[in-house]
Amino acid sequence: SAKDRPRANPVQPLRDDGVLRQPWGPLSLVDVNGAETPLEGNFRPLLDGESDLVVMRLNMPLGMLIEEAGAGRIEVVEVVEEGGAFGKVQVGDIIRATTACQMAMSYPAWQVMLGGVGRPTVQKRLVDFSDGSATFEDVMGAIQSNAEGSPGGNGQVILIIERPKSVDSPSP
């Protein structure tokens, strides 16, 4: 029932240079430059120590190297100065979710009211990799689908990362 469902944190607008630290739990974001509907997920920490949930919009190319870190986790291993990730993403960040442009059915209200059934369109969606089944290819494919020139891509990607807390890494 609706009473038993976790209550989402307030909807947060994510602007062009947005970097937001979010509380763990239900998340609802309004992508002001892409997705037609709120991007929603429910996140719990995967790391054993303390960590932050950080949401960021990045311009592509990202200029970061990622690799599988075991247990279905994808970790950032290098960030270069020339990319959109520089100054926002840090080595050791775990990619928990990203936007991806995917084919889905669209149901415009006017079409449904006139008896229509919807039509397939490319939509920007949030792809959650928190279940531990993420592969390098899954994450790269989702990120690359946001590139300009890709169907539905606008050259920006939203990453949701888990950042281990440490003395060396400042919070956003």
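Everything quoted here is computed from the prediction, not taken from an experiment. Throughout, residue positions are numbered sequentially from 1 according to the sequence presented.
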> Tell me, which pairs form a side-chain hydrogen bond (donor to acceptor under 3.5 Å, both in side chains) where one or both residues lie in residues 128-138, sequence neighbours left out?
Replying inline: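 Found R96-S130, D128-S130, D131-S133, T135-D138.
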>> I need the full list of side-chain hydrogen bond (donor to acceptor under 3.5 Å, both in side chains) pairs touching residues 72-84, with sequence neighbours left out, sorted by first then second residue.
In response: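 For residues 72-84: none.
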Flag side-chain contact, heavy atom, 4.5 Å: [X] against [Y]:
{"X": "F43", "Y": "P26", "answer": "no"}
{"X": "D52", "Y": "E162", "answer": "no"}
{"X": "K88", "Y": "L58", "answer": "yes"}

>> For L159, is there any backbone N or O sitting under 3.5 Å from a side-chain donor or acceptor partner on T98?
In response: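 Such a contact is absent between T98 side chain and L159 backbone.
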Show me the donor-acceptor pairs within less than 3.5 Å that the side chains of residues 65-72 make with the rest of the protein, sequence neighbours left out.
from, atom 1, to, atom 2, distance (Å)
E68, OE2, F136, N, 3.1

What about [X] and [Y], same hydrophobic cluster or not, with Ile/Leu/Val/Met/Phe/Trp/Tyr joined at side-chain heavy-atom distances under 4.5 Å?
{"X": "L53", "Y": "V91", "result": "no"}
{"X": "F86", "Y": "V19", "result": "yes"}
{"X": "I94", "Y": "M140", "result": "no"}

> Passes side chain to side chain contact (heavy atoms under 4.5 Å, CB included), L20 versus R57? Steps please.
Replying inline: CA-CA 9 Å; L20 299 170; R57 174 191 307 282; over 6 Å; no
>> With side chain to side chain contact (heavy atoms under 4.5 Å, CB included) as the criterion, how do C101 and N146 come out once you've worked through the C-alpha distance, each side chain's angles and the decisive distance to 0.1 Å?
In response: CA-CA 6 Å; C101 296; N146 293 277; 4.1 Å; yes
> Sequence neighbours excluded, which residues qualify as side-chain contact (heavy atoms from CB on, under 4.5 Å) partners of P61?
Replying inline: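 Partners of P61 by the side-chain contact (heavy atoms from CB on, under 4.5 Å) criterion come out as none, since no residue qualifies.
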> Who passes side-chain contact (heavy atoms from CB on, under 4.5 Å) against A100, sequence neighbours left out?
Replying inline: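 Applying side-chain contact (heavy atoms from CB on, under 4.5 Å) to A100 gives Q102, V127, A142, S145.
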>> I'd like to check the side chain to side chain donor-acceptor pair (under 3.5 Å) partners of D93; sequence neighbours left out, ordered by chain and number.
In response: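 D93 satisfies side chain to side chain donor-acceptor pair (under 3.5 Å) with R163 only.
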